[in-house]
Amino acid sequence: MLTKKQFELLIFINRRLSDSGISPSFEEMKEALGLKSKSGIHRLISGLEERGFIRRLPHRARALEVIRLPEETSTNGRGAERNRFAPTVIKGDFKAALPGALSNGSNDPVQLPLYGRIAAGTPIEALRDQSNLIGVPASLLGRGEHYALEVAGDSMIDAGILDGDTVLIQRCETAENGAIVVALVDSNEVTLKRLRRRGDSIALEPANKTYETRIFGPDRVKVQGKLVGLMRRY
């Protein structure tokens, strides 16, 4: 049986994984639960891990996976949390998914346009080659239009996004504060960063302490999509 704080943290982690595909940071967990220090989060995560609700993914900074949710989430009005759960990283060889039309079967891969490499370190102009497609499990996608980008760089490594990963992006023009987005800066450079609103300004925040957060006026940044999934070849 979980304590109240353990339950709240588990639901928060699961919701964030479902929404963005990325584990929340310890700072975000601390703020969400109203705790004064990160040491409390470490204890809560250890407790959830010992009870078999989550596990830490090896060789990935700040990467957590929700294994199961408490049974009460299906009876106390929070059943949607269980229905929204999905793995956050698909690993394997995706070359078998041949280009073609969208699949009719629910278990077949969906073909998404793979636009090219997006720098997770230094912004570059995104490539838009509609002829290059990639097969993606339908379970990773939600409603609306999606596309894929290959990550170049290491500025999002602490969010579990590595150089060479393929990120799945839901096309949108707005995103909630703290979401990882594809941002168009000054109409000519594109980057993958966490979006933070600071008053009238917009901050594009890396997930690597060796990189600096960049702050822009609201008219200089346009959201072109938000992260919903990630695929990795091993």
Taking every heavy atom of Gln224 against every heavy atom of Tyr147, the minimum-distance pair comes out as O-OH, 3.0 Å
Those residues at least two apart in sequence (or on a different chain) that pass salt bridge (charged side-chain N to carboxylate O under 4.0 Å, His left out) with Arg220 are Asp186
dist Ser25:OG -> Glu31:CD (nearest 0.5 Å) comes out at 7.5 Å
Review point. Counting distance only, does the side-chain N/O of Asn208 pair as donor-acceptor with the main-chain N or O of Ile157 below 3.5 Å?
Key: no
Value for CD1 (Ile202) from CZ (Arg197), rounded to nearest 0.5 Å, stands at 6.0 Å
Note: Ile134 and Ala148 closest approach over all heavy atoms is CG2-CB, 3.8 Å
Q.
Do Ile215 and Tyr211 land in one hydrophobic cluster if side-chain heavy atoms of ILVMFWY residues count as linked below 4.5 Å?
A. no
Quiz item: Quick one: does Ile161's side chain get under 4.5 Å of Leu227's, heavy atoms only?
Solution: yes
Residues at least two apart in sequence or cross-chain that pass side chain to side chain contact (heavy atoms under 4.5 Å, CB included) with Glu176, listed by chain then number, are Ala179, Lys226
Interatomic distance, OG1@Thr166 vs CE@Met231, rounded to 0.5 Å, equals 5.5 Å
Scanning both residues in full, the closest heavy-atom pair of Val181 with Ala175 reads CG1-CB, 3.6 Å
Closest non-hydrogen contact found for Leu230 with Gly160 is CD1-O, 4.0 Å
Here the ring pair (Phe, Tyr, Trp, His ring centres under 6.0 Å) pairs for residues 171-201, sequence neighbours left out, are none
side-chain hydrogen bond (donor to acceptor under 3.5 Å, both in side chains) filter on Ser37, not counting sequence neighbours, yields Ser39
Residues pairing under salt bridge (Lys or Arg N to Asp or Glu O under 4.0 Å) where one sits in residues 159-168, two or more places apart or in two chains, turn out to be Arg117-Asp163, Asp165-Arg232
The reported gap from OG in Ser201 to CZ in Arg196 (rounded to nearest 0.5 angstrom) is 15.0 Å
Correct closest heavy-atom pair for Leu114 and Glu150 would be CD1-N, 4.1 Å
The side-chain hydrogen bond (donor to acceptor under 3.5 Å, both in side chains) partners of Lys222 (sequence neighbours excluded) come to none
Check your understanding: Is Met29 close to Leu9 at the side-chain level, that is, under 4.5 Å between some pair of heavy atoms?
Key -> yes
Exercise for the section: Answer whether the closest heavy-atom distance between the side chains of Leu141 and Val136 falls below 4.5 Å. Expected result: yes
Worksheet item: With a 4.5 Å limit on heavy-atom distance, are the side chains of Ile180 and Lys193 in contact?
Response: no
Result for side chain to side chain contact (heavy atoms under 4.5 Å, CB included) between Ile54 and one of Leu17, Leu44, Leu48 points to Leu48
Contacts of Ala32 meeting side chain to side chain contact (heavy atoms under 4.5 Å, CB included) (sequence neighbours excluded), chain-then-number -> Phe12
Check step by step if side chain to side chain contact (heavy atoms under 4.5 Å, CB included) holds for Val151 and Met156.
CA-CA 9 Å; Val151 173; Met156 298 302 290; over 6 Å; no
Heavy atoms of Phe26 and Ile41 approach each other most closely as CD2-CG2, 3.4 Å
Working note: Val182 + Leu149, criterion side chain to side chain contact (heavy atoms under 4.5 Å, CB included); need CA distance, chi angles, decisive distance, verdict. CA-CA 10 Å; Val182 175; Leu149 287 166; 3.8 Å; yes
Residues 36-50 vs salt bridge (Lys or Arg N to Asp or Glu O under 4.0 Å), sequence neighbours excluded, gives Glu27-Lys38, Glu49-Arg56
Residues passing the side-chain hydrogen bond (donor to acceptor under 3.5 Å, both in side chains) test with Glu212, sequence neighbours excluded, are none
The side-chain hydrogen bond (donor to acceptor under 3.5 Å, both in side chains) partners of Thr213 (sequence neighbours excluded) come to none
Short side-chain to backbone donor-acceptor contact, Arg194 and Gly178, under 3.5 Å:
yes
Separation between CG (Leu33) and NZ (Lys5), nearest 0.5 Å, reads 5.0 Å
In this structure, CD of Glu65 is separated from CG of Asn14 (nearest 0.5 Å) by 11.0 Å
